[in-house]
Peer 1: 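Got a structure here, written out as structure tokens. Questions coming.
Residue numbers begin at 1 in each chain, while the letters A, B, ... track the order of the sequences.
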Amino acid sequence: MNLQEIIVAFFLLVGIFFIITGTVGLLRLPDFYNRIHAPTKATTLGVSSTILGAVIHFYGFPPADGFKELLAILFIFLTAPVGAHMLAKAAYHSKIDLWKDTIVDERAGKRVIGEEKMPSEEKLEKEEEERTPE
Amino acid sequence: MISLILHRVTRVIIHILLIFSIFLLLKGHNEPGGGFIAGLMASVSIVLVYLTYDIETVKRFMPISYPAMIALGLFFATGMGLGGVVLGYPFLTQTFDYFQIPLVGEIELATALIFDIGVFLTVVGATLLIISSIGEGS
Amino acid sequence: MFSVLWVVFIPFIFAALTPLIQKFIGEDRIGLWGVIAALLSFGGVLSLAGYGLGDEPLYVIYEWAPTFGLTLGFYIDGLSWLFAFLISGIGVLINLYAYWYLHKPDPFGRFFAYLLFFMGSMLGLVLSSNLIILIIFWELTTISSFLLIGYWSHTERARYGAVKSILVTSVGGLAMIGGAVILTVITGTAEFPELIKKAAFIQEHALFFPILLLLMLGAFSKSAQSPFHIWLPDAMEAPTPVSAFLHSSTMVKAGVFLIARVHPIFSGREEWILLIASIGLITMVLGAYYALRKVDLKAILAYSTVSQLGLMIMALGFADVLGAKATAFHIMNHAAFKGMLFLVVGIIDHETGTRDISRLSGLRFTMPKTAVLAFIGAFASAGIPLFNGFLSKELIFEAAYDQIGVASWMAVFPVFAVVGSILTFTYSMKIFFRVFYGEEAKELPKHPHDPPFGMLFSPGLLAAVTVIVGILPFIAERFVNAATAAITQQPADFYLTIWHGFTPALWMSVVTVAIGIVLYSRKALLEVLHSKPPFGLTVNAMYDWWYPNIMLGAEKLIGVFQSQKIRFYFMYILGMVVVLCGWVLIRDGHFRFIPHDLMHAETYEYLGALAFILATIGVALFRSRLAKVISLGVVGYMLCATFIVLRAPDLALTQLLVDIVTVILFVLVIYFLPQLKEVKESLSVKIRDLAVAGLTGAFVTVFVLAVYAHRHTTSVAEYFLDNAYELAGGTNVVNVILVDFRTFDTLGEIIVLAIAGLGVYALVRMGVAHKKKKDSSI
Amino acid sequence: MIGLLAIIIGFLVGTGTYLILKKTAFKVALGLVLYGQAANLLIITMGGVKLGEPPIILREAGISYSDPLVQALILTAIVIGFGVTSYLLVLVYRAYQAHDSDSVDLFEEVDDK
Amino acid sequence: MIEYLALIILIIISLSIALCMIRVYKGPSTPDRVMALDTIAVNVLAFIVILSIVLGTEMFFDAVLVIAVIAFVGTVAISKYLMKGDIIE
Amino acid sequence: MINNLAVYPILIPLVAAIIQLFFAKNTFVQRVLSVVSSALILIAVVFLYIDVRTNGIQVYWMSDWVAPFGITIVADLLACFMLFLSALASLAMSAYAMVDIDANREKYFHFPLFQLLLMGINGAFLTGDIFNLFVMYEVMLMASYVLLAHGSEARQLRGSLHYVMINLFASTFFLFGIGLIYGITGTLNMADIAVAVQNADPDTQGLLTAVSMMLFVVFGVKTALVPLFFWMPDAYPQPPVATAAMFAAIMTKVGVYSITRTFTLMFPGDEFTLTVIKIVAVASMLIGVLGAIAQTNFRRLLAFHSVSQVGFMVLGVGFFSPMGLAGSIYFVMHHSMIKSSLFLCSGIAERLTGNRDIKKMGGIIEKHPFYSALFLIAAFSLAGLPPFSGFFGKLILLFAGAELNEYIFLAAILVGGFLTLFSMVKIWQMAYWGKREPEFNKVKVGSFIWGIIILVGMSMVLAIFVQPVYDMVLEAAEQLLDPSQYINAVLRK
């Protein structure tokens, strides 16, 4: 077991630790706003270090190649937060309750734009009852 | 519903994405990639722009008629095939050769690339036409 | 030789030219065009008289489609010439008559085109030497009859009659085609002369009776034999010249002709007598009975025709020379007097505006000339001496009487022949005396008077023939002899005389007339006959029930299948796949549970598969649409991972991208779609769906495994791997296959995508509900 | 592995079947997408499971590659499936717009003018 | 050596994917599910990376890159849908 | 120089479509181009036929790759006949479409789509590769999906839903079938598959039969055989008449063609298969026509008839004798001409009366006798009355059945013929007979009937020259029954 392998193993283990943390967080945390922290942060880190490990595995340490992989890391760092941000924003907009694990309507009030499709209050309420997932 | 973060990020990565898609297109003959994958890649990146900005902006940004793009793509693909017919080969015959170019060295040029470009254009045109049509249909 | 083609095709050509000629000479005079055509044909027929009346028949063949035994062959012997003579001769008279008969706003041109079309078909029918060609012309007469009956198609009755006629006769026509095909395949020929040579072989053949039955079904339906007789009375909705021409003197005799034609081929066996003579007998009696009960003049004549046709067919059924001779003679006589009677009825209808026998009476005062004609016709029909009907009826009586010698049960034939004749006598008297005697009828729709000469000419000529032949029968001798010889294939040499001596036939005639007079003069007896028959279920009622009910039944049947619910359609398809393929799999023992060695896999693969299956089930299970789509997205990711595990980087890439775009598309679309409604499905539906789903899933799994166990050992893929770099200059073999080895597939694929794009564009832009942004174009 | 794949295919088909038997056009479309994925998976299994390297030639002797042909076929099939699916989706949405129902049954006589 | 480690990690990752499916099932809200989808994407990404190590091939890194780039496009689309606005304005 | 004839029927419409796409605004160019394209294909097909007759089966290696590896275009006699029909039908439809298609549809790519449809159809006839067959099917179907809903009228949208779904579903099974075939034989070229099937061990033989059954169901759906036809009667009445006529004329025949090809070349003469085919054919013949009887919508009625008529064609394949197959091909030719002309007739009737329901029509013959006569000829031809082409189609099948002593099928053919007549008479007496003084919309019938005249005229030619035509189709049938010709030509043995 040479140095390179040790470094690779280290990165991989760190990666998998974060990934499993993210997943467990996703599963165990109590509500959405808590949960969204776990996967975005943890997995971003986890995946990045996994990729680093792979790069070192394939191209040695310090890596001789691996531009593509590093680009991937960059992208993950760029995009994962944006996705999470948008999602949180969406969750906020769809009035997910902050403190309770409420049953949430997935498309309530989306009719702001489509005026002609605006159903009556009554119907909306009724639909809401029907829509309740699970 | 404008998200500043999304705007910024999109502005940054859209170029990289498009370049990446061209990269996928060019290396398709030797590594994973190719016209279709590249085309979808480019479409997805432009869809991202659609998601970030509105249709009007995209139109200003990219004044392209998608049906014409489809036609152009089919033209490239078919025209490549017809080229073979004119030269006395069967329809869609491909050829390739290695050229020595000063400074760059030996590179491979294949007619398959023309075909792949046709595929690329058609895929981009069709995908975006579909998505923008629905988006507009609202 | 040419003249045969001439005879047959002149009417067709003239018919086709009618619309053109009509433009030149005007609609009013188009009738003359018909007369000219008929005259030309008649001339042609006359020019062939040498063959028709001589000993040596004419046999011309034009090859057409030898594979099916189809030759455009013409065979002119006594039988076919007699028919051709009648058809073209009466055709001339009918065309003449129709010229005066039709009046505005009837479209004249169409009428004469149909009429000539019919005439050509009928001539072709009788002259052809080939069974299948005969059937072709046969069906042409069906078509032209259909068109002619429906000529006044604005009346409900005409349409009803036309449809009935074509349906009933085409049942027989189709049966005939079947019989003819089997016969041709067995014997290798459809030519009558050839078939006659093979008569013994055919009569020995196991399929003899089916063939005979099929052919006879055609003959019976065309000649309106019971139980197919129902179409003929309704066919009387046609203009009267048509009724006279088609439905009394020519077309309905096609069946008789066919029986006479195949007489030498089939008549050797007992089935022949049993089938044909008995059907003829039944029809004769029934027809006469119905004729007696009718009040419409044309209906009486129609049933009378049915009855007379039965008489002829019965005589042919005896399969002896006398019967053949009697039939041949009666065909001529019947054509003359019945055609004439129809024309007279046409005159009556034309001049008085009604055909109802109960409204008409005393017409002899206003229409004396017509009365004379009617008198001749009715008496000939009744079988009174000095008219031709008497002579041929005598002959038939004689033939029937002879049957007693063959077998004792066959005594029914003479007995019922007499019964039928009594009825015939009675209604014939009714026609004449009811209409022309008694008090002068008031309140008729029109003021009756004798018609113009043109309309009297044709029936007059026929009446003359009726009387002359009745008195001087030897004139017809040559015709009858030639025809008899053709029917029996033996030389025939008879003399026709008016007086035979006191034969049994004469006594039968005497009995007929005597009882007939009694019956006619006793009102009470007549009323017994007029009362409602004891049995309610008639063939006509069956037809009337069947016609709408077949449509209703079909609607119900199709309604069961065509539920317009796509889930059932899917189930049919799945059912078909599972049943057909599954049956073969089970039959060959490929159906088994997954063997253990195939289940070997890494642990992570099991876990991945678990996630995959969970995601898959999620698509079905989730209630919210978005959750379904998300689950679908997961399925896509898992598929991508599977492709990676199976070493397919290109596929993984494609699947990823397509997955994302599909998810976006789904999201876009559900944005517009309504919320899913909570459809409460009953438990049984759920169980059904689950069962179908489980069955199909299991079936596919088993099928895949069975095939995998027999997987190929070599495949073309190796060639690609070996040659991709050297011959196509690429190392990514998948891409090389796509853009080089199988470029055409890729071309097709992008075309599909292009069409999809354009299609979506058109779909969104066109039609309903694009309310905003109409002008913006991408 | 092949057993596992076959089971996955079975599940895809089964779930797809369950969905296409529903009354909502949207669900039927989903089911058909699943069917398409099952077909892709089926084809790639027919090329053989775990037979070697990805089919990108390394120009070295003695390497066995997995079947490239099935991959090319699936690629084509995916694209075609994508095209048809997107068209179907739009059709579903347009049919809903026109009739205000996303039921997949032809609840009325479509042909009557 | 690394290969064995990688195999174990693979098992953990696939377990993690299966666990994420539980979140997809449980929900309760759509954003939760989307989040799970996102996590699965990342997990698949890691899965591919590790599998590359196991198989010793670099051919799959394109897929890695593509997932990294586009997984969030789907998230953005769904988010915009959830935000009641036009998805494409 | 290599001989490019075989690929022209695919190339011409493709190139025409691309040019039309570039001339998206200029509908005149598009119209002219579509007629020119059809005419060119017709000419090319005639030359191709002569070539095939003199030089044997023509094989064309797409992209210059030899047979089992690249995609092979194979033109044998059957393919030539089918191509001829598609060219003829498209010519007639283009002529009709010139006056029929409205400006809005023209603007949204009606003509390019039509050409691409034609390309897909011709490709399906010509290809010798089973996966390429799938691709060509999809090109054809995709174009048909779009053309079916083209115009986005409410009823069109709903009517085409089922069509798209069912065909997408069936296509999936097609893919299943291709995958399984590849799994067993390791090849995609049809000739190569045929060789592999011949050499397969008996244990595998059963599996191959099962796979072939799957393909049969797929083609059965595309052809609309009982019990797989349900999508069709709701779909065919929807699009503009010219399109519907094209569908009826040639698109259902692609399925018949595929069945013929599959069960003569790849999986020939299996006892079980033939029995299934014959039973399904008879069921189609009878149930289809019963469906037609139940309808009063002109076009739905005709669509149901297609189900029934396809049964006749498939029955010929089921007989699996030279005469049976010849009958099948003859019937395909007859039906494609007659059914499309009937559809065109229905279009004129719709225009005249503003109605699709035959109960609400009436008296057309009084004002338009010539057009009515054309309809009558077509109708009686469909019903199999002599001396029109339908009679000979049935006659050949009857002979084929009688030769094989399959009398029960003879009876079925006759009963089917009778019921067809029944429904045709129903149309005639309701729509064409009836009123003496009917009132109609102002339509220049004269400019519409040219397509019908071409088609009915060709069908008359088919009837009059039945022997030469039969000899031609018999040659094709014998070629089909001797797959070694095809195999040797493709694989250059």
Side-chain angles (χ1 to χ4, degrees), chain C residues 564-567 570 594 598-599 601 605 609 612-613 616-617 619-620 625 628 632 639 646-651 654 658 665 669 672-674 676 679 689 692-694 696-698 700-701 704-705 708 717 720-721 724-725 731-734 737-738 742 745 749 752-753 756 759-760 763 768-769, chain D residues 1-4 6-15 17-21 23-24 26 28 30 33-34 37 41-42 44-45 49 53-57 59 65-69 71-72 74-76 78-80 82-87 89-94 96-98 102 104-106:
Chain C
Q564 307 211 320
K565 292 187 171 58
I566 198 169
R567 48 192 168 283
F570 282 134
I594 305 170
L598 291 181
M599 281 305 286
E605 288 167 349
F612 202 147
I613 291 170
T616 311
I617 296 175
V619 179
R625 289 167 311 161
K628 276 179 192 295
L632 188 69
L639 197 59
L646 294 173
R647 278 81 158 165
D650 283 281
L651 285 187
T654 317
V658 166
L665 268 176
V669 167
F672 301 110
L673 285 181
L676 286 182
V679 188
D689 288 359
V692 173
T696 10
V700 172
T701 304
V704 168
L705 287 173
Y708 197 81
F720 300 129
L721 287 169
Y725 186 67
T731 52
N732 181 357
V733 187
V734 176
I737 293 176
L738 281 175
R742 300 180 67 91
D745 275 352
E749 151 203 330
V752 170
L753 207 57
V760 168
L763 201 56
V768 285
Chain D
M1 180 79 193
I2 171 66
L4 217 50
I7 290 174
I8 293 175
I9 296 170
F11 264 98
L12 280 171
V13 169
T15 317
T17 311
Y18 185 78
L19 280 169
I20 58 173
L21 296 180
K23 283 177 187 149
T24 322
F26 175 74
V28 178
L30 274 176
V33 172
L34 286 184
Q37 291 178 337
L41 210 49
L42 186 145
I44 201 168
T45 35
V49 176
E53 295 290 307
I56 290 163
I57 293 174
R59 277 182 268 172
Y65 299 97
S66 58
D67 191 329
L69 182 57
Q71 299 189 12
I74 296 169
L75 210 92
T76 309
I78 290 178
V79 180
I80 290 174
F82 167 66
V84 180
T85 310
S86 44
Y87 182 76
L89 278 176
V90 180
L91 189 64
V92 166
Y93 135 66
R94 293 286 287 155
Y96 160 68
Q97 267 193 341
D102 73 336
V104 76
D105 299 338
L106 304 178

Peer 1: Name all residues meeting the ring-ring contact (aromatic ring centres under 6.0 Å, His included) criterion together with F720(C); count only those two or more places apart in sequence or in a different chain, and write none if there are none.
Peer 2: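 Here the qualifying residues are F741(C).
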Peer 1: Grab the two heavy atoms, one from A648(C) and one from I44(D), that are nearest each other, plus how far apart they are.
Peer 2: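 Minimum heavy-atom contact is CB-CD1, 4.0 Å.
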Peer 1: Which heavy-atom pair separates A717(C) from D67(D) by the least distance, and what is that distance?
Peer 2: CB-OD1, 3.0 Å
Peer 1: Y725(C) versus chain D, heavy atoms under 4.5 Å apart: side chain, backbone, both or neither?
Peer 2: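 Both backbone and side chain of Y725(C) come within 4.5 Å of chain D.
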Peer 1: Between chain C and each of I9(D), L91(D), V90(D), count heavy-atom pairs under 4.5 Å; write down the option with the most.
Peer 2: V90(D)
Peer 1: Do L665(C) and F82(D) come close enough that some side-chain heavy atom pair is under 4.5 Å?
Peer 2: yes
Peer 1: Kindly indicate, with the supporting measurements, whether the criterion side-chain contact (heavy atoms from CB on, under 4.5 Å) is fulfilled by F570(C) and T17(D).
Peer 2: CA-CA 8 Å; F570(C) 282 134; T17(D) 311; over 6 Å; no
Peer 1: Tell me, out of V700(C), V658(C), L721(C), who's got the most heavy-atom pairs with chain D below 4.5 Å.
Peer 2: L721(C)
Peer 1: Do K628(C) and F26(D) have side-chain heavy atoms sitting under 4.5 Å apart?
Peer 2: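 They are in side-chain contact.
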Peer 1: Answer whether the closest heavy-atom distance between the side chains of T76(D) and R742(C) falls below 4.5 Å.
Peer 2: no
Peer 1: Please look at V33(D) and chain C and tell me whether the side chain, the backbone, both or neither of the residue comes under 4.5 angstrom of a heavy atom of that chain.
Peer 2: side chain
Peer 1: With rounding to the nearest 0.5 Å, note down the distance linking CG in L41(D) to CG in L651(C).
Peer 2: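 Reported value, rounded in 0.5 Å steps: 10.5 Å.
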Peer 1: Do L34(D) and L632(C) have side chains that approach each other closer than 4.5 Å (heavy atoms only, starting at C-beta)?
Peer 2: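 L34(D) reaches L632(C) side chain to side chain.
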Peer 1: Distance check, rounded to the nearest 0.5 Å: T654(C) atom OG1 versus L75(D) atom CG?
Peer 2: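 T654(C) atom OG1 to L75(D) atom CG measures 4.0 Å (nearest 0.5 Å).
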Peer 1: If you measure from CD1 on I56(D) to CG on N732(C), what distance do you get to the nearest 0.5 Å?
Peer 2: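 Rounded to the nearest 0.5 Å, the CD1-CG separation comes to 4.5 Å.
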Peer 1: Of D689(C), T696(C), V619(C), which meets side-chain contact (heavy atoms from CB on, under 4.5 Å) against Y18(D)?
Peer 2: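 Exactly one pass, corresponding to D689(C).
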Peer 1: Are the side chain of Q71(D) and the backbone N or O of V733(C) linked by a donor-acceptor pair below 3.5 Å?
Peer 2: no
Peer 1: Work out which heavy atom in A609(C) is nearest to a heavy atom in L4(D); give both atom names and the distance.
Peer 2: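 It is CB-CG, 3.8 Å.
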Peer 1: Among V752(C), L738(C), V692(C), which has the most heavy-atom pairs under 4.5 Å with chain D?
Peer 2: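 Counting heavy-atom pairs under 4.5 Å, the top option is L738(C).
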Peer 1: Could you pull out the closest heavy-atom pair between L753(C) and G83(D), with the gap in Å?
Peer 2: CD1-CA, 3.7 Å
Peer 1: Heavy-atom distances under 4.5 Å only: say whether I74(D) touches chain C with side chain, backbone, both or neither.
Peer 2: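 For I74(D), backbone and side chain are both near chain C.
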Peer 1: May I ask you to decide if A6(D)'s main-chain N or O and T701(C)'s side chain share a donor-acceptor pair within less than 3.5 Å?
Peer 2: yes
Peer 1: Looking at residues at least two apart in the chain, or sitting in another chain, which of them share a ring-ring contact (aromatic ring centres under 6.0 Å, His included) with F11(D)?
Peer 2: none
Peer 1: Keeping the roles fixed (side chain from R94(D), backbone from L763(C)), state whether a donor-acceptor pair exists under 3.5 Å.
Peer 2: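 Such a contact is found between R94(D) side chain and L763(C) backbone.
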Peer 1: Going from CG on L19(D) to OG1 on T616(C), what distance comes out if it is rounded to the nearest 0.5 angstrom?
Peer 2: 10.5 Å
Peer 1: Please report the closest heavy-atom contact between Y87(D) and G759(C), naming both atoms and the distance.
Peer 2: CE1-C, 3.8 Å
Peer 1: Mind listing the closest non-hydrogen atom pair of A724(C) and I57(D) along with its distance?
Peer 2: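 Smallest interatomic distance, heavy atoms only, reads CB-CD1, 3.9 Å.
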Peer 1: What distance separates I7(D) CD1 from I613(C) CD1, expressed to the nearest 0.5 Å?
Peer 2: 6.5 Å
